[in-house]
Amino acid sequence: MKYDFNAIEQRWQQHWDNARTFATPNPGESGFDASKPKFYTLAMFPYPSGAGLHMGHALNYTATDIVARYKRMRGFNVLHPIGFDAFGLPAEQYAVEHNVHPRITTEKNIANMTAQLKRLGIGYDWDRAFATTDPDYVKWTQWIFTKLYHSYFDPVANKAASISTLIEKLEGEDYYVGTDGELIVSGATESLEPLAGIGDPNIHKWTELTQPQRERLLDEYRLAFMAEVEVNWCPELGTVLANEEVTNEGKSERGNFPVYKRPLKQWMLRITAYADRLIEDLDHVDWPGSIKKLQRDWIGKSIGAEVDFRIDTLGATNAEQRNDKMSGPDETIRVYTTRPDTLFGATYMVLAPEHPLVDTITRPQRAEAIRAYREQAASKSSIDRQTDAKEKTGVFTGGYAINPVNDEKVPIWIADYVMMGYGTGAIMAVPAHDSRDFEFAKKFDLPIIDVVADKPTAAIYAYVERHDREPELFTDTGEEKLRKSLVDFVAMCVNQDETDYDKVWGVVNFWRQDKTGTEDTPEPAQGRGSIAMIWQDALEPLMADGIEKLFELARERRLGTISGNAFVATEGALSVNSENDEVSLNGNPAEYAKYKITHYLETKGVGKEKENVKLRDWLFSRQRYWGEPFPILHGPNGEIRTVDETDLPVNLPEMDDFKPSGSDDPDAPPQPPLGRAGDSWKTVTIDGVAYTRELNTMPNWAGSCWYYLRYLDNKNSDALVGESAENYWMLSEKSSGEGTHAGGVDLYVGGAEHAVLHLLYARFWHKFLYDLGVATTPEPFGRYFAQGYIQAYCYRDERGFPVDASKVVNANGRPAAEVEGQKGESFTCEGEQVTEEFGKMGKSLKNAIGPEEICEQYGCDTLRLYEMYMGPLDQSKVWKTADIVGVHRFLNRLWRVVFNEDSGELRVTDDTPSEELDRKVHATVKRATESMEAMAFNVAIAAMIELNNELVKQDAPPRSAVETLVQLLGPIAPHVAEEVWQKLGHETYLADTDWPTWDEAKLVQDTIEMPVQVNGKLRAKINIPTNSDQDAIEAFAKEDENVQAHLDGKTIRKVIVIKGRLINIVVG
RNA sequence: GACCCGGUAGCCCAAUCGGCAGAGGCAGUGGAUUUAAAAUCCAUCCAGUGCGGGUUCGAGUCCCGCCCGGGUCACCA
């Protein structure tokens, strides 16, 4: 009776299906056991694509299944559901390519994937499964959207609230409206006053606004809103894309088509309102640090200042001024900077080509050049911008602005290295301290002046300034003395961290003039000693061309940039050349200088502190058929209303032609497929008013933003999730009072490629639902585990194209899979020479291996074992088919431990295991348990193999030891474990048994071998009674002959005894 | 370019609070079985932890500086 994995796996999979073994009741349902703790685990939502499951899926689903089965044995109520993210581009592309309705292909793919999942033996609660395309689910996705539309983000409460609340607050004058439409809290404390904007706050009351103004104001605050924005337009896909869906190369993530920037009116979600909470709450989730960092960087919060530069009209001729309607005194360009401390070094300005003030600023003689440049910039796709990024381009507008801190006139340029989408779309360029500005200034020969320097350079600036102020001090001295004096000055400033330059100046001059000081006068740089020499060395290169040259550079404020690079450091750097009659930053460290200048700007009314985020609002419209229709109706006068809750869901119209209108012309207007739907769908008449439905659809991310909540209560028709189910499954008790788990899914496993897409969008929606009171935890996924990729060898022919890896053989005709990765092999594919490489397993490299072929050949238990044994789950690892036999042998060996293969008889006996074997069993349980908890399944499996190797040696394997091993194996290789368990005579299923425990006392041996070191070198190993105390251990160690030899004639200085570990005797 | 992760035997990987570098698997080698091969079984070989410093009685583990590999982001002012 051989190990027949096919029959075994088929039998148990059928059993689990029929018996609904992994169905989990909710609170209040029959069979629910309230005494057990809960555990909610989830793998990432799969797309039911035509290609089916790949190895990465198998890895992901096996991992959560193992944890689910393990936790079940540990006495948890385990929720482990699955469903399908069935809307969206991939499903639609597949449907288009195969010319069938997406619903049909989607259903077929779901059926196919369901069968594949069952073939892997994953223990899902299938009763909870659904697809995002189910009308029942679409209804609640649309419901959430209507709530977003009717909500705003309250800046005081820091949470979402109903738009009607905002109206109440405006009517009740809790809030006023500022010039930029910002909300101003009435009776605000002084700290809130800056919200009022720069200069005259010009505060409006709600009653002063006209009805259209009011509508517009409210629209400014809705969490779902329409806006004309620069979007990523992909003509080939016929749709716009979110920033996150565009690759680095400026191509669409789906299909790899070119993407262009163009302004379009689209639905947006105000994710930026949640930026702070999305950052802050990362502190409370148990996620990999790298993923948290990716999210923080993507949100990209920075604190800097907004500064207003007045446009200068003096440069214009009288004739120009007469024609220039915009030369009023209030016309300013607002810039955002994170380095306000460098404001004195702003020598020019750059506007994004799309900046609205460009036309105003441009002088007539520059107009043609500007027009040409803007046109060129607009026509570039992001890929071109990317390619051209190496070389800075730009055009001078002919206009100037006034630097508010020093009244210097600075030229205004436009350049595509400044983006309209970030900050204010305009920058003050500080070429000395920003590498992009530096490059640009070099290319167009714009002035570069230092305003920040490291400490020695700052000291030189201070010295030269004082030298030039009192030149008479130096009339009778030579260059040598000047040089020494400078070195002293710099050395004293740097070594004593002194920025009171006048004081140092005094001291240095005192000594320079060879005067005798009073007792109080410190010697510069401690007597011109060695410390001064160090700085002399550092300064020598600067003075190579003579000290006069150095002075010259300092007077030109160019000391820092002669290196040919911008000096961008803030740590340890000091401001220089930054003072006017009212404020001086000189000698101040950057952080303080920032604070000081920002405060100065505020008092002058030309700037204020400003927080900024890189994160953009989420573009939510797609011009596609296969997505959730918006529950939105457009009225004849442009008014918008949401579809009533009772009329949800809005289902997609049946259409014959659902294909998107793609085009290779980037200027063709978007034509959503729903525009071709019949009028009976498109037009809705309510109270005699004919409304048109919104014709765009939602992006595929919509459905995956809240699916984990629907699993909890997927049959509920009154709410997206019922309260008791949500409370039970989402609220997690904090285990130790350490508040690291913010609730939600207890273990979420998936690939890191979703770090800034799904994981950010879902957190945003969840926080909104939390504000609504639908969700009771601030975060959706309390713990997230990012699994590594599966990589594989791949082969390319002479032209560099990948060839089918399964057809590649080595020189002896052996399949590559058996010898891959070994040195000195040469490979051919159908007679042609190919080269071996290494990359992510997949279709594009033609090196994919389907889970199904492995299941057929070895069984899914072996596949599950192998995938977990390859290495740590969070790391990428290489697929090697040849290695699979290792774990397959393990299962075979285990089978033969239990059964006599020839007779089919059980080999196990009821003998008591030997003390040694018993110790091994307990040690294995301990190691396996700890490894399972740490998700180090590779280590857990190794421990099991070890124990099995012990059992192989037994002529009569004791039942207790075998059963323990089988139980440990259960979560990972459930079919064979269950089969053996049953054959061992058990009535209950292994899945329903308790996880084995270990007895720490059983691990202790009577005697223990301990290494003895002398001076850290191993000199002996001694066997001593385990319970020996420190003194006894030391005495035993000293008895050893070899140890004595090494102690001979030496003094024992110290004896380190680590009980159970080692003894180290230090002699000298 | 910036950031994150990793580097232990021919290969994949273990090694608890800093405490004897080796558990497990693959490959290799020798043997058993076999007409032969595959499969299977038994036995066995193999490194001082990428490099250079430092802390320590003691470093794969901690600190500093590099090198290599993988990943992510990338004109974000």
Side-chain angles (χ1 to χ4, degrees), chain A residues 248 288-294 297-298 300 302 304 335-339 342 350 352 385-386 388-390 392 415-419 421-430 433-437 439-440 612-616 752-753 755-756 786 788-789 791 818-823 838 840 865-866 869-872 874-880 882-890 892-893 896 901 927 930-931 934 936 938-939 941-946 948-949 952 1009-1018 1020-1021 1053-1068:
Chain A
N248 286 343
S290 58
I291 303 291
K292 288 188 184 185
K293 195 172 180 328
L294 279 176
D297 288 353
W298 188 264
S302 65
V335 303
Y336 173 73
T337 176
T338 54
R339 294 293 304 274
T342 64
V350 185
R385 275 205 185 192
Q386 179 76 24
D388 298 347
K390 288 162 222 133
K392 292 267 179 299
D416 65 6
Y417 84 92
V418 174
M419 248 93 18
Y422 183 75
T424 61
I427 61 156
M428 60 173 213
V430 185
H433 308 296
D434 180 289
S435 46
R436 294 150 302 172
D437 296 344
E439 259 177 68
F440 192 84
N612 230 321
V613 290
K614 282 199 277 185
L615 182 71
R616 308 285 83 213
E753 67 272 18
V756 292
Y789 295 115
Q791 298 175 298
E818 290 174 19
V819 291
E820 60 197 1
Q822 288 175 34
K823 277 177 192 149
F838 180 68
K840 191 173 160 184
L865 265 172
Y866 174 64
Y869 193 60
M870 286 168 82
D874 58 347
Q875 270 164 46
S876 292
K877 47 230 145 186
V878 185
W879 179 273
K880 282 171 95 176
D883 284 0
I884 293 175
V885 295
V887 284
H888 193 60
R889 279 176 197 151
F890 162 52
N892 270 305
R893 281 150 64 98
R896 286 195 302 268
E901 256 188 334
R927 190 136 185 252
E930 288 172 352
S931 302
N938 54 327
V939 182
I941 295 166
M944 294 173 208
I945 293 176
E946 239 179 285
N948 190 49
N949 288 348
V952 165
E1009 189 188 63
M1010 271 180 77
V1012 185
Q1013 297 181 337
V1014 179
N1015 280 353
K1017 289 205 172 62
L1018 184 66
K1021 289 187 180 187
R1053 300 205 182 275
K1054 201 173 175 184
V1055 180
I1056 293 131
V1057 179
I1058 311 291
K1059 240 185 156 180
R1061 290 285 182 190
L1062 57 55
I1063 305 132
N1064 188 13
I1065 303 170
V1066 185
V1067 297

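A quick note: this is a predicted structure, and the numbers were derived from the prediction, not measured. Every chain is numbered from 1 and lettered A, B, ... according to where its sequence line falls, protein lines coming before strand lines.
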Collect all protein-nucleotide pairs involving nucleotides 57-61 of chain B in which both atoms are nitrogen or oxygen and the distance is under 3.5 Å.
| from | atom 1 | to | atom 2 | distance (Å) |
| --- | --- | --- | --- | --- |
| B:C57 | O2 | A:Asn1064 | ND2 | 2.3 |

task: Mark yes or no for a side-chain to base donor-acceptor pair under 3.5 Å between A:Lys392 and B:C75, with no hydrogen or angle criteria applied.
output: yes

message: By the 4.0 Å heavy-atom rule, please label A:Lys293 as base, sugar-phosphate, or nothing.
response: sugar-phosphate

field: B:A14 OP1/OP2 closer than 4.0 Å to side-chain N/O of A:Asn938
entry: yes

- request: Please work out whether the ring planes of A:Tyr422 and A:Tyr336 are parallel, tilted or perpendicular, with thresholds of 30° and 60°.
  value: perpendicular

query: Got a sec, which residues hit side-chain contact (heavy atoms from CB on, under 4.5 Å) with A:Asp297, two or more places apart in sequence or on another chain?
result: A:Lys293

Pairing residues for A:Ser931 by the side-chain contact (heavy atoms from CB on, under 4.5 Å) criterion, not counting sequence neighbours: A:Arg927, A:Ala936, A:Val939, A:Ala940

Scan nucleotides 43-45 of chain B against the protein and return all N/O pairs shorter than 3.5 Å with their distances rounded to 0.1 Å.
none

query: With sequence neighbours left out, what residues match A:Glu930 under side-chain contact (heavy atoms from CB on, under 4.5 Å)?
result: A:Lys926, A:Trp998

- request: Could you pull out all residues at least two apart from A:Pro288 that satisfy side-chain contact (heavy atoms from CB on, under 4.5 Å)?
  value: A:Ser290, A:Ile291, A:Tyr784, A:Ala786

query: To the side chain of A:Tyr422, which of B:A77, B:C75, B:A74 is closest?
result: B:A77

Nearest-neighbour nucleotide for the A:Met419 side chain, B:C75, B:A23, B:G24 considered: B:C75

field: Which residues share a side chain to side chain donor-acceptor pair (under 3.5 Å) with A:Asp434, sequence neighbours left out
entry: A:Arg436

task: With sequence neighbours left out, write down each residue that passes side chain to side chain donor-acceptor pair (under 3.5 Å) with A:Asn949, or none if nothing qualifies.
output: A:Arg893

- prompt: According to the Watson-Crick and G-U wobble definitions, with both distances under 3.5 Å, which nucleotide is paired to B:C3?
  reply: B:G71

Dump the pairs, protein N or O against N or O of nucleotides 16-18 of chain B, anything under 3.5 Å, distances to one decimal.
none

query: Of all residues at least two apart in sequence or in a different chain, which pass the side chain to side chain donor-acceptor pair (under 3.5 Å) check with A:Lys292?
result: none

message: Using a heavy-atom cut-off of 4.0 Å across all strands, would you classify A:Pro872 as base, sugar-phosphate, or nothing?
response: sugar-phosphate

message: I'd like to check the side chain to side chain donor-acceptor pair (under 3.5 Å) partners of A:Tyr866; sequence neighbours left out, ordered by chain and number.
response: none

message: What's A:Asn949 touching, base or sugar-phosphate or nothing? Going by heavy atoms closer than 4.0 Å.
response: sugar-phosphate

